[in-house]
Structures are given as structure tokens and as C-alpha cells.
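Note that this is a predicted model, so its numbers are computed, not measured.
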Amino acid sequence: MVKTILKIEGMACSMCESHINDVVRSNFDVKKVTSSHTKGETVILSEAAPDSEILTAAIAKTGCTVKDIRTEEAGEKHGFFSKFKK
């Protein structure tokens with residue numbers, strides 16, 4: 001699993017967050033995407049890192065600008081009951 005963190009300029013409200021999330025979901029196969037206009041950040045969890053050029057172009061269509069893209073390995077989250085599985 002890969003975590004892609006985008007620094008985005010131009011998100012002003014929760015509707016902007018929603019537009020960014022919708023664009024990411026419609027253009028890429030992702031497990032989860034969350035955006036925060038207060039942090040100016042979008043976090044994408046996916047099996048493979050999305051193409052940065054396509055991602056930047058898709059987000060530009062919303063009126064926002066990608067300032068930075070960082071990718072890292074996402075650790076597996078284990079819930080409380082996972083330790084009881086055999």
C-alpha cells in the first residue's frame with residue numbers, strides 16, 4: 001500500500017475538498033482519499049502511486065494547484081480484533 005501526500009494551494013472550503021476527492025477517485029484506482037482545506041493537503045491510499053503528471057493536471061481542472069507530491073509506504077493498520085485472527 002502506498003500513501004501519496006499532496007500539498008495543494010487553492011482549497012478554500014469543504015466543497016473544494018469534495019471536488020478534489022471526486023477528481024482523484026474518478027481518475028485513479030484508490031482505496032481512500034481525504035482532503036483538508038485547512039492543512040492544504042490531500043492524502044491518497046492506493047496499491048500503486050498515481051502518475052504525478054496526470055494527477056497534477058486533473059487537480060488543476062478544479063482550479064487548485066499541486067505544490068508538492070510526496071509518496072511513502074503506508075503501514076498496515078491493524079484493528080483491535082486482528083490479533084485474535086488465526
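In the hydrophobic clustering of this structure, Ile59 does not group with Val2; members are Ile, Leu, Val, Met, Phe, Trp, Tyr whose side-chain heavy atoms approach within less than 4.5 Å, directly or through other members. The same ILVMFWY cluster, assembled from side-chain heavy atoms under 4.5 Å apart, contains both Ile8 and Ile54.
Side-chain contact check for Thr56 versus Ile69: some heavy-atom pair is nearer than 4.5 Å. Residues Glu73 and Lys3 are not in side-chain contact: their nearest non-hydrogen atoms beyond the backbone lie 4.5 Å or more apart.
Put simply, CD1 on Ile5 and CG on Leu45 are 9.0 Å apart, with the number rounded to the nearest 0.5 Å. How far CD of Glu9 is from SG of Cys64: 9.0 Å, rounded to the nearest 0.5 Å. Here Thr4 contributes atom OG1 and Glu72 contributes atom CD; the two are 9.0 Å apart, rounded to the nearest 0.5 Å. Rounded to the nearest 0.5 Å, atoms CG (Asn27) and NZ (Lys61) are 7.0 Å apart.
Within 6.0 Å of the CD atom in Glu53, the count of heavy atoms belonging to other residues, nucleotides or ligands does not exceed 12.
Closest approach of Ile44 and Pro50 over heavy atoms only: CD1-CG, 4.5 Å.
The pair Lys7-Glu41 meets the salt-bridge criterion, since a charged nitrogen lies less than 4.0 angstrom from a carboxylate oxygen.
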- [ ] Let me see the working for Val66 and Leu55 under side chain to side chain contact (heavy atoms under 4.5 Å, CB included), right down to the final yes or no.
- [x] CA-CA 9 Å; Val66 176; Leu55 186 58; 5.6 Å; no
In residues 12-26, what donor-acceptor pairs under 3.5 Å come from side-chain atoms, sequence neighbours left out?
{"unit_1": "Glu17", "atom_1": "OE2", "unit_2": "His37", "atom_2": "N", "d": "2.7"}
{"unit_1": "Glu17", "atom_1": "OE2", "unit_2": "His37", "atom_2": "ND1", "d": "2.6"}
{"unit_1": "Asn21", "atom_1": "OD1", "unit_2": "Ser35", "atom_2": "OG", "d": "2.7"}
{"unit_1": "Asn21", "atom_1": "ND2", "unit_2": "Glu17", "atom_2": "O", "d": "3.4"}
{"unit_1": "Ser26", "atom_1": "OG", "unit_2": "Asp22", "atom_2": "O", "d": "3.1"}
{"unit_1": "Ser26", "atom_1": "OG", "unit_2": "Val23", "atom_2": "O", "d": "3.1"}

